[in-house]
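The structure appears below as structure tokens.
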Amino acid sequence: MTIVEALARLERGEITAVELTQQALARIDEVDDKVAAVLTRLDDRALAAAAASDEKRKNGEALGRLEGIPFTAKDMFLVDGVRTTAASKMLDNFIAPFTATAIKKLEAEGAILIATVNQDEYAHGGSTEYSAYGPSKNPRDIGRVPGGSSGGSAAALAAGIGLFSVGTDTGGSIRQPAAYCGVVGVKPTYGLISRFGVVAMASSLDVIGPFAHTAEDAALLTDIMAGQDEMDATTIKSEKVVSDVVSPKRVGVVREYIQTLDADVRVRYDEVFAQLTKAGWELEEVSLPNLEFALPCYYVLTPSEISSNLERYDGIRYGSSTESAGDLEAMYSATRGKFFGPEVKRRILTGTYALSAGYYDAYYKKAMQLRTLVCQDFERAFSEFDILIGPTTPTEAFKFGEHSADPTEMYLADIMTVAANLAGIPAISLPIVGVSDMPLGLQIMAPQKGEAAMFGAARDAENILQVQLAEVKL
Ligand code: GLN
């Protein structure tokens with residue numbers, strides 16, 4: 001069920017918020033032993049909110065734009081009084097002392113948080129295999145990963161747990177799992193949505209965004225979460241950014257993304273491009289030659305920012321800590337050694353190295369220069385095209401263990417998503433039919449603050465493509 005459909009049913013009195021919430025919670029009982037998407041259930045909190053929502057509706061009070069709609073949130077979002085782990089043992093017992101702005105805005109519109117969901121530890125990864133609480137499974141094939149890092153969000157939604165989810169995207173963590181699980185995922189313009197109360201990964205790239213079943217639902221959620229926040233100085237003015245969607249005229253197909261695809265995957269995208277062309281889209285191939293530097297650039301800048309952001313987990317301020325016999329330094333290293341997982345440590349080490357005095361110029365500064373080149377490529381492309389399209393990922397969801405032996409193989413799955421984060425531009429992934437029964441993602445990118453064009457194109461593409469994915473059987 002989409003949000004729009006559920007709102008109509010609530011409005012007609014065919015279902016209550018309590019019933020919708022009970023259904024979502026019952027779905028956890030039914031399928032989560034197979035999917036393992038959920039980390040912390042919030043049954044009591046959710047049912048109380050649902051009852052209050054029904055009461056409001058009964059009394060004819062003013063209703064929110066998401067009144068009575070159940071949802072899940074990646075475990076990066078702080079919710080007052082609720083355990084927030086970022087899927088790390090470092091935050092195993094951490095209870096949030098306040099609520100993230102994005103969650104506050106959703107709840108202020110009547111949405112009902114039913115559970116927090118799984119992810120890679122601190123959002124480092126692309127499969128949920130790096131979660132300290134074990135991986136989630138792809139509901140379309142439980143032998144495959146749901147993607148990551150927001151894999152629990154995509155898996156929960158695809159499995160019918162809640163009607164939307166919220167995640168974070170630093171290099172593809174919303175779009176890639178959306179593509180792997182066959183749902184819509186949005187990475188908005190950098191700064192569009194406040195990150196106050198959300199665990200930081202790499203602050204010059206992190207954004208928050210929704211998972212939904214349709215572009216229309218996703219646009220509504222983006223619109224609700226957007227807005228300046230005095231608690232996040234990077235937030236931008238958002239009037240009209242997401243409202244008044246427009247149809248795109250000039251559409252560029254990113255050459256560097258399609259030319260590397262395997263032949264059978266390429267066929268699927270060519271079919272989609274042909275359908276769009278037949279419906280009147282004017283597609284033209286465009287080259288962004290510096291995209292080849294995006295992935296190495298991302299994997300220098302991101303660990304650098306991670307090494308700085310994760311300094312705060314020292315065993316003293318908050319989070320887990322060890323008793324250590326030695327001095328303060330020994331206590332820091334015992335705590336960080338014990339509670340951080342291997343991928344988190346790898347990134348802290350790489351980042352510290354790239355920022356160190358002797359290597360700063362060779363690595364960090366070089367990566368910053370490459371970032372500028374990538375941004376300039378997008379500026380050039382958007383002077384000619386309203387939107388750019390291409391695949392979200394090079395392949396369908398991979399099998400467990402396929403990329404976990406060599407970390408750089410896992411990094412390669414991000415090759416088509418990281419550039420949008422480097423450039424701060426919005427991008428959406430829409431489900432299309434894949435080679436097998438698994439889905440693939442069509443990625444649509446727009447210039448900064450170009451959400452209206454992005455959502456307009458997404459809506460049109462959905463109408464043209466009429467995608468029917470294989471049914472989820474659990
Ligand atoms: N998979 C990417 C990484 O490992 C993206 C992570 C993210 O967007 N949070 O860094």
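In each ligand, atom 1 is the first atom listed, and ligand 1 is the first ligand listed.
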Original post:
Do any nitrogen or oxygen atoms of Ser173 come within less than 3.5 Å of a nitrogen or oxygen of ligand 1?
Top reply: yes
Original post:
Is Gly171 in polar range of ligand 1, meaning some N or O pair under 3.5 Å apart?
Top reply: yes
Original post:
Taking the six-membered ring where the residue is Trp, are the ring centres of Tyr122 and Tyr313 under 6.0 Å apart?
Top reply: yes
**OP:** Any atoms of ligand 1 less than 4.0 Å from a non-hydrogen atom of Gly172? List them with their elements.
**Re:** 8 (O)
Subject >> 4.5 Å side-chain heavy-atom contact, Met76 and Ser149 >> reply: no
**OP:** Just jot down the ligand 1 atoms closer than 4.0 angstrom to any heavy atom of Gly125, in number order.
**Re:** 1 (N), 2 (C), 3 (C), 4 (O), 6 (C)
**OP:** For ligand 1, find out whether one of its N or O atoms is nearer than 3.5 Å to an N or O atom of Thr168.
**Re:** no
Original post:
If you count the atoms of ligand 1 from 1 in the order shown, which ones are under 4.0 Å from a heavy atom of Tyr298?
Top reply: 2 (C), 3 (C), 5 (C), 6 (C), 10 (O)
**OP:** Could you say whether the N/O atoms of Ala123 and ligand 1 ever approach to under 3.5 Å?
**Re:** yes
**OP:** For Lys365, look at atom NZ and say whether over 12 heavy atoms of other residues, nucleotides or ligands are found less than 6.0 Å away.
**Re:** no
Original post:
Closest non-hydrogen protein atom to atom 2 (C) of ligand 1, residue and atom name please, with distance?
Top reply: Asp414 OD2, 3.1 Å
Subject >> Charged N-O contact under 4.0 Å between Arg83 and Asp92 >> reply: yes
**OP:** Output yes when Glu343 and Arg346 qualify as a salt bridge under the 4.0 Å nitrogen-oxygen rule, no when they do not.
**Re:** yes
**OP:** Is it possible for you to check whether Arg347 lies under 6.0 Å from the centre of the six-membered ring of Tyr130, through NZ or CZ, and within 45° of that ring's axis?
**Re:** no
**OP:** Could you see which bit of Lys187 sits under 4.0 Å from ligand 1, with heavy atoms only: side chain, backbone, both or neither?
**Re:** neither
**OP:** Have a look at ligand 1 and work out which part of Thr170, if any, has a heavy atom under 4.0 Å from it: side chain, backbone, both or neither.
**Re:** both
**OP:** Flag the pair Asp437 and Arg140 as a salt bridge only when some basic side-chain nitrogen lies within less than 4.0 angstrom of an acidic carboxylate oxygen.
**Re:** no
Original post:
Is ligand 1 less than 4.0 angstrom away from at least one heavy atom of Tyr299?
Top reply: yes
Original post:
Between the side chain of Arg175 and the main-chain N/O of Met416, is any donor-acceptor distance below 3.5 Å?
Top reply: no
Subject >> Heavy-atom nearest option to atom 4 (O) of ligand 1, drawn from Arg347, Met410, Met76 >> reply: Arg347
